[in-house]
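What follows is one structure encoded as structure tokens, with my remarks underneath.
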Amino acid sequence: MKNDFFKYQAQTSPHPLAMEISHAEGSYIYDINNKAYLDFVAGVSACTLGHRHPKVVSAIKEQLDKYLHVMVYGEYIQKPAVDLTKLLANHLPDNLEKTYLTNSGTEAVEGAIKLAKRATGRSEIIAAKQAYHGNTMGAMSVMGYEERKQAYRPLIPDVKFIGFNNHDDIQNITTKTACVILETIQGGAGFIEPKDNYLQQVRKQCDAVGALLILDEIQPGMGRTGTLFAYEHYNCIPDILVTGKGLGGGMPIGAFTASHELMSLLEDNPKLGHITTFGGHPVIAAAALATLTEVVESNLMKQTLEKELIIRKHLKHPLINDIRGKGLMLAAITSSAKITNQVILKAQEKGLILFWLLFEPAAIRITPPLTISNKELIAGCKIITTILDDIQKSNSSL
Ligand SMILES: Cc1ncc(COP(=O)(O)O)c(C=O)c1O
């Protein structure tokens, strides 16, 4: 299997972790030798309710028995997609009323950018340095990390970058700007929270110049930071909200939500402003509906902030300089990228799944399922601190 994996399946890096999966359940993934791995990554913030949550699995099975794909997005009335978009609207402010369902996060970002251009008739897009919004051409154009995108230029024109949390840069948002796109909490950059009312100031400037504000909540959304969406912490409501990842409960999804007025622009003049074959797929929508229902009806969101405190308490170590982020979107910043690499690889040997962040090489990603137990969190933290102890000992004996 390993040979075939490297021979036939296209890779994204020279050194994938290449663990061969047998099955997964709750907070654990099992390899083909039936070794259990405690999951501190949740498929990179995607498995909100852990692996194969019974409510998600039964929603999928129920839908499988009714119908699969029947028509391109938006033509037929399919209950899972309608119920999902309605439930989202019920938990969002009035201006975020209508949702367009896509197949992935990056596609939702594409749709959001197109909508902003269509609505304003402007072309300039402002994004943040170190931002990550996906890997298709439009989303890559607003990625604030030149090294990873220079090989793919030319990208879309008229994109400018401002420093996240840099209040002076806000003045670069002008009457030429169609939209500002920001992650509510920067992910790839190292789980950087907005500070000193930054988002509110950006919101104010967007309003002053008639630019739209797009907040990308693909990673921090779906209860991961203790509220359904992270913008709730910062009192800043976007014009377009982009979601994905954890919304699907382990199935592929993306979504962008805006007002009725804005969204109707994609319908006409020209019609078919944004189309997709599989967006809103009934099985995926059923899984997402079950996931969202569980997140809003259970205590999971509230417990997320208690779980953050447990991690912060049990992850104290001289080789950890900082723990950034909020709720169960945390990044432990070690003293060096080398130490981070050692911890992530050693943890896998010891049955704990950790992972990197895109642009911050010293960060260890800690984004477990919201359903992880306190006991499992403490056990995982213990594995990390024991590995760090060993690294410290071997460094001091050199
Ligand atoms: C903030 C953010 N935006 C967009 C994306 C892209 O989503 P997808 O990988 O589903 O295309 C990601 C994925 O990591 C993300 O974290």
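Start at 1 and go down the list; that is how both ligands and their atoms are numbered. Counting begins at 1 with the first residue of the sequence.
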Taking atom types as modelled, find out whether [X] and [Y] have a side-chain donor-acceptor pair closer than 3.5 angstrom.
X	Y	result
Y234	E193	yes
N33	Y30	no
T106	T136	yes
H281	N103	no

With a cut-off of 4.0 Å, which atoms of ligand 1 are near a heavy atom of [X]?
X	value
Y132	1 (C), 2 (C), 3 (N), 5 (C), 12 (C), 13 (C), 14 (O), 15 (C)
E183	1 (C)
D216	1 (C), 2 (C), 3 (N), 4 (C)

Evaluate the ring pair (Phe, Tyr, Trp, His ring centres under 6.0 Å) criterion for residues Y198 and H167: first the C-alpha distance (whole Å), next the side-chain angles of each, then the deciding distance (0.1 Å), finally the verdict. CA-CA 7 Å; Y198 174 69; H167 286 252; 5.6 Å; yes

Short version for T106: what comes under 4.0 Å of ligand 1, heavy atoms counted, is both

At under 4.0 Å between heavy atoms, is it the side chain or the backbone of E107 that contacts ligand 1, or both, or neither? neither

Strictly less than 4.0 Å: does any protein heavy-atom distance to atom 10 (O) of ligand 1 fall in that range? yes

If you measure from the Lys or Arg side-chain nitrogens to the Asp or Glu carboxylate oxygens, is any gap between R203 and D239 under 4.0 Å? yes

Could you work out, for atom 14 (O) of ligand 1, the closest of K245, Q219, E217 by heavy-atom distance? K245

What protein heavy atom sits nearest atom 8 (P) of ligand 1, and how far away is it? G105 N, 3.5 Å

